[in-house]
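Please read the structure below before turning to the comments.
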Number of protein chains: 2
Amino acid sequence: MTTIHEVAHAAGVSISTVSYALSGKRPVSEKTRKRIEDAVHTLGYEPDAGARMLAGRRTHIFALTEPLRADTHAPTHMAFVLATAVAARRQGYDILLLTDEQTSEGMNRVAASNLVDAILVLDVAPDDERVAIARTVRTPTVFIGLPDDSEGLTCVDLDFEAVGHLAVDRLADAGHERITLLGQTEVSYRRSNFPRRLLHGVQERIAARGIALTWSVTGAASTEPAAVRAAAEEALARGDRAFIVHAVDDVHEILLSVLDEHGLTVGADVAVISAAASFDTAMLSVPIDTIPLIPQQSCELAVDLAVRSLDGEAAPRIHLIPPEYRAVGSVSPAGD
Amino acid sequence: MTTIHEVAHAAGVSISTVSYALSGKRPVSEKTRKRIEDAVHTLGYEPDAGARMLAGRRTHIFALTEPLRADTHAPTHMAFVLATAVAARRQGYDILLLTDEQTSEGMNRVAASNLVDAILVLDVAPDDERVAIARTVRTPTVFIGLPDDSEGLTCVDLDFEAVGHLAVDRLADAGHERITLLGQTEVSYRRSNFPRRLLHGVQERIAARGIALTWSVTGAASTEPAAVRAAAEEALARGDRAFIVHAVDDVHEILLSVLDEHGLTVGADVAVISAAASFDTAMLSVPIDTIPLIPQQSCELAVDLAVRSLDGEAAPRIHLIPPEYRAVGSVSPAGD
DNA sequence: TTGAAAGCGATACCAC
DNA sequence: GTGGTATCGCTTTCAA
């Protein structure tokens, strides 16, 4: 195993110079730096993780707690995990996985043993038990999601209420006076809080703009596609010609096929907006305007906040990411 | 931060006794052990991870490399990650995530820096680049999956060929002479090797038993359900009354609904076996005999092998897990 | 059955 | 701009 001593010897300098050359925490002359870098390269030197943790006060590891509930949407969840890992790595951090069954035990353990520099919390529930732990632990913690009680916490999330506002505004501006919201599964309105926040945003804005709303909870599209069809059919029967879809990709496809069966053209006869979807809506059979939920955005910001809090910057606060509207032509004036 | 010194002081012993009491590597009298345990408990002591890594030669961390390809089936993949994490934790190990973009770089880095005790490789491709790295690195590596060239490696996987044999045998024993295999997507037959192995097992056995086989590649069920329907319809038109399904849950459901539309009763008019599925086939609308792929099995064995290889046991070799048939009545004699 | 002390391999302070 | 060295907290001989 290559140690810093061997590198120092090969480069003809002391170990402290090697350390400083690598960390950049002290100026090193151009030539010695070059010699050191060469030695590092030819010897394939990589600082020992344990020694670095012990001597420095950084482990260069973040914990990621992810409670995999039965109703977790795997693709979305994976996108968040991946985005977090990539963002962390770019800042020189690795990700240590903390799964269920060890949620509280795991957080306490990694904190007490100084195994990680910070903890990132995924898939936050309204009454998340990890909130209490985050408050007792010394290790900086960043929530990707928003619990009901976020007092004193650092949280990052898409501004779902603003998503609701934005969606309604677009449809209202296009002249629609009746909107159907195809929502998530019933259970997700209880277990998570972002569906509620989006719904709330929508309700606020329809009230302000005098618009009629019908909100339909959808079942899991894969197991009960009939429920989604039924909701779509009823909406059309009611005369609704504007849809906000806050659901998985399958639900979008079902809606699109129902519209197609009725001979309705998206963007002409009927308006559709996909709200807070994290999959690529360009993959749908018909392009749909979208107000995307971008995992990379939330996760990069979360990692940034974690890093900054290690440097003493960053006071606890909630960071709501403003939504962005991406038009591709699925919304047009009503009745045109 | 609580250190081993404080624990030793509180218990009135030396730090070495504390260390031994906790590791159990040296006998400690009952009373002193009790005193130490009490001190540990009241002080909330947890050994410093960095110090432990440096002094001991174990980090108590396993790396898990998971290349998330575009065609990765998220739920299955998550099941494997989760199963690995749980199994590792039970043996006192945490999981460090190594994603794409850093596959080779990551493996080399964690190995060179002694960050992990072993590396677990998920989602193995036939010509996986991680095979070469595993051979150059000192860190013990266990593959969960089987690459084409597995010389000198430790691999764990379901015996997919045996799954093929078993499925054909059951159908043949029930008197079926014509079988349709609804397989995976085309791309997975190129990118992975377990679909090929299952197919091969099926082909071997139908040849041996003189049975006619039609193999259909299915598209992604969610985006091209029509392709799956078509394959099922053709099979019925051909007169096939026995199906082996090696695909995601959606494909199963489509087949079942086609059978239903034709007035065919599973287990009476037609035989269906689900091969190597990792989801719960009891959740399907009609119960189906299954030869399951159990992530927990592979992952637990893999973790076991990793742990054992640290103790110098376990020589490199391939571990194929024998398949198991679970009958629920979806297979019966042909033409009855 | 228990204790003293020598490392483990970095970081970062104190000198020069 | 560079070098010496105390230090981090634990594991593990070596001794008693």
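By convention in this document, chain letters (A, B, ...) are assigned in the order of the sequence lines, proteins followed by strands, and residues within each chain are numbered from 1. From a predicted model like this one, the values you see are computed outputs, not experimental measurements.
- Between A/K34 and A/D38 a salt bridge is recorded (basic side-chain N to carboxylate O distance below 4.0 Å).
- If A/P27 and B/H5 are placed on DNA chain D by their nearest nucleotide, the residue sitting closer to the 5' end is A/P27.
- Between the CG atom of A/L54 and the C1' atom of D/dT7 there is a distance of 8 Å, given to the nearest Å.
- We find that CD1 of A/I4 is positioned 13 Å from C1' of D/dG3, with the value rounded to whole Å.
- The pair B/R58-B/D311 counts as a salt bridge, with a side-chain nitrogen and a carboxylate oxygen less than 4.0 angstrom apart.
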So which protein nitrogen or oxygen atoms get under 3.5 Å of nucleotides 12-16 of chain D's nitrogens or oxygens?
from, atom 1, to, atom 2, distance (Å)
D/dT12, OP2, B/K25, NZ, 3.2

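- Look at CG on B/L22: it is 12 Å from C1' on D/dT11, rounded to the nearest Å.
- Separating the CE atom of B/M1 from the C1' atom of D/dC10 is a distance of 10 Å, rounded to the nearest angstrom.
- Counting heavy atoms of neighbouring residues, nucleotides and ligands inside a 6.0 Å radius, atom NE2 of B/H319 exceeds 12 of them.
- Residues A/V18 and A/A8 come closest through the heavy atom pair CG2-CA, 3.6 Å.
- Chain B approaches DNA chain C over the interval C/dT1 to C/dG9, counting the first and last nucleotide 5' to 3' with an atom under 4.0 Å from its heavy atoms.
- When each of B/S29 and A/R52 is assigned the nucleotide of DNA chain C bearing its nearest heavy atom, the one mapping closer to the 5' terminus is B/S29.
- At a threshold of 4.0 Å, the pair B/E151-B/R135 does not count as salt-bridged, since none of the basic side-chain nitrogens sits closer than that to a carboxylate oxygen.
- Counting non-hydrogen atoms under 4.0 angstrom, A/S113 reaches nothing in the nucleic acid.
- Distance check: A/L158 CG to A/E324 CD gives 10.5 Å after rounding to the nearest 0.5 Å.
- A 4.5 Å side-chain heavy-atom check between B/S104 and B/R130 finds every atom pair outside the cut-off.
- The distance between atom CG of A/D48 and atom P of D/dG9, rounded to the nearest whole Å, is 17 Å.
- Under 4.0 Å is where a charged nitrogen must lie from a carboxylate oxygen, and between B/D117 and B/R57 no such pair does.
- For the atom pair CD1 of A/I321 and CG of A/L293, the computed distance is 8.5 Å after rounding to the nearest 0.5 Å.
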